[in-house]
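Data first, discussion second: the structure below is written as structure tokens.
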Amino acid sequence: KTCQILGVPTQSGTSERGCIMGPTAFRIAGLPEILQELGWQVEDVGDAVPAAMPDVSHSNPAVRNLDAIIAWTKSVGERAYEMAKACDFPIFLGGDHSMSAGTVSGVARHTQELGQPQFVLWLDAHTDLHTLHTTTSGNLHGTPVAYFTGQSGFEGFPPPAAPVDPRNMCMMGIRSVDQAEKRHVAEIGITVFDMRAIDEQGIVGPLNSFLDRVRAANGRLHVSLDVDFLNPDIAPAVGTTVNGGATFREAHLIMEMLHDSGLVTSLDLAELNPFLDVRAKTALLMTDLAASLFGRRVLKRKTRTY
Ligand code: DIR
Ligand code: MN
Ligand code: MN
Ligand code: MN
């Protein structure tokens, strides 16, 4: 099994500087070597470089760094598409979450060519469902889901070649949703397990119900893990911490179940800001979570015992 790793050092999508250091932190944490030890043939293809910046402006004056985000989306979309063709499993090291406009649209383009449906599991405190018109912070890391599901309101962006059907998306960990996103998320049919749902139902039932759908549809599954999915006490290195996030074991259980499912075909590790970290603890936890998704286990065990 082959895996390619691409660094996507975006930080123009957030107002907090430091995500540019994310890919380096994951490499220093040893992610490529860990995946090799788990039996994967790993190729680090370096860092993405943004395309030429277009000369653009927008009617919403809040929007920040539109030119840079368009430039990154173009180049990362191409790189992700090429990686999905070239290997079994592309991994994208962020970089703020605006990276996923490119990563998801790129892998979805390849999935469409395979004639399979693209599914996405979005692990985040936020729904990231703003458009250029609805964002009030102007931080475009709050917009990738609306972009790659093909919503209108992305003037100046290359239209996604294969928009992801929002009904093929599941979000977990959600606990901070802006008004415009609230209306939108209900309208377009994304399955959302917010933290209240996880409190009540745990991880296993909700996640298995989604994985069963992916399997039944013969889909390919992209996983996008935002650091702020995790509770801030275990993962402080993100510009937008929100209390009440996933625990250490909830997060590992998700990754272990994802590995057991055999359904995951690509992964984003997003929003790590090493400048805000405490002795690299967030970088190391995110790396360990990726290791769980790639099959690291405490004991040998049957894959699904429930
Ligand atoms: C908030 C925060 N919804 C915004 N978004 C994100 O600025 O639009 N934080 N993605 O990680
Ligand atoms: Mn996010
Ligand atoms: Mn977030
Ligand atoms: Mn907002």
Side-chain angles (χ1 to χ4, degrees), residues 8-20 22 58 60-66 69 72-73 76 92-105 120-149 151 153-154 164 166 169-186 190 192-195 198 222-232 234-246 250-251 254 267-276 282 285-286 289:
V8 186
T10 54
Q11 65 177 8
S12 307
T14 167
S15 42
E16 193 84 35
R17 289 185 293 185
C19 284
I20 194 172
H58 198 266
N60 177 356
V63 169
R64 302 175 61 244
N65 301 327
L66 179 59
I69 301 295
W72 278 108
T73 302
V76 174
F92 306 99
L93 310 177
D96 75 66
H97 225 160
S98 67
M99 69 188 279
S100 300
T103 64
V104 179
S105 60
V120 176
L121 177 62
W122 196 261
L123 303 171
D124 201 325
H126 310 93
T127 52
D128 293 351
L129 198 55
H130 277 294
T131 70
L132 299 181
H133 298 265
T134 65
T135 177
T136 53
S137 71
N139 296 327
L140 297 187
H141 69 164
T143 66
V145 174
Y147 172 76
F148 68 68
T149 57
Q151 311 302 309
F154 286 90
V164 173
M169 260 196 95
C170 175
M171 296 183 166
M172 297 182 95
I174 301 300
R175 58 198 185 280
S176 171
V177 185
D178 299 331
Q179 276 309 328
E181 295 179 291
K182 248 173 233 185
R183 282 191 296 274
H184 209 168
V185 81
I190 297 174
V192 181
F193 297 105
D194 61 5
M195 283 310 299
I198 292 176
H222 177 90
V223 174
S224 199
L225 172 60
D226 182 322
V227 170
D228 66 36
F229 169 70
L230 305 161
N231 202 56
I234 56 169
V238 58
T240 52
T241 51
V242 186
N243 281 328
E250 285 169 341
I254 289 174
L267 172 68
D268 301 325
L269 300 174
E271 292 279 342
L272 175 65
N273 183 337
F275 202 69
L276 304 176
T282 311
L285 174 56
M286 289 288 282
L289 288 169

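Just the heavy atoms: all of them, side chains too, but no hydrogens, waters or symmetry mates, feed the values below. One-based numbering, in listed order, for ligands and for the atoms of each.
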Problem - Any H97 heavy atom less than 4.0 Å to ligand 1 - result: no
Handout entry: ring-ring contact (aromatic ring centres under 6.0 Å, His included) assessment of W122 paired with F193
Key = CA-CA 10 Å; W122 196 261; F193 297 105; over 10 Å; no
Practice task
Could you please tell me which protein N, O or S atoms lie under 2.8 Å from the Mn ion (ligand 3)?
Solution key: D124 OD1, H126 ND1, D226 OD2, D228 OD1, D228 OD2
Handout entry: Side-chain touch L123/V223, heavy atoms, less than 4.5 angstrom
Key = yes
Problem - ligand 1 N/O within reach of E271 N/O, cut-off under 3.5 Å - result: no
Practice task
Run down the list H130, E16, H141 and name the one with the heavy atom closest to atom 6 (C) of ligand 1.
Solution key: H141
Handout entry: Sole residue of E181, K182, H184 in side chain to side chain donor-acceptor pair (under 3.5 Å) with T127
Key = E181
Exercise for the section: Sequence neighbours left out, what passes ring pair (Phe, Tyr, Trp, His ring centres under 6.0 Å) with H222? Give chain and number order. Expected result: none
Problem - side chain to side chain donor-acceptor pair (under 3.5 Å) between H130 and T136, intermediate numbers included - result: CA-CA 9 Å; H130 277 294; T136 53; 5.4 Å; no
Handout entry: Element-labelled atoms of ligand 1 that are located less than 4.0 Å from some non-hydrogen atom of E181
Key = 3 (N)
Handout entry: Sub-4.0 Å atoms of ligand 1 with respect to non-hydrogen atoms of D228
Key = 11 (O)
Exercise for the section: Would you please test N139 and T14 for side chain to side chain donor-acceptor pair (under 3.5 Å) and show each step? Expected result: CA-CA 5 Å; N139 296 327; T14 167; 5.4 Å; no
Handout entry: Options G138, G142, S137, ranked by nearest heavy atom to atom 4 (C) of ligand 1, top entry
Key = S137
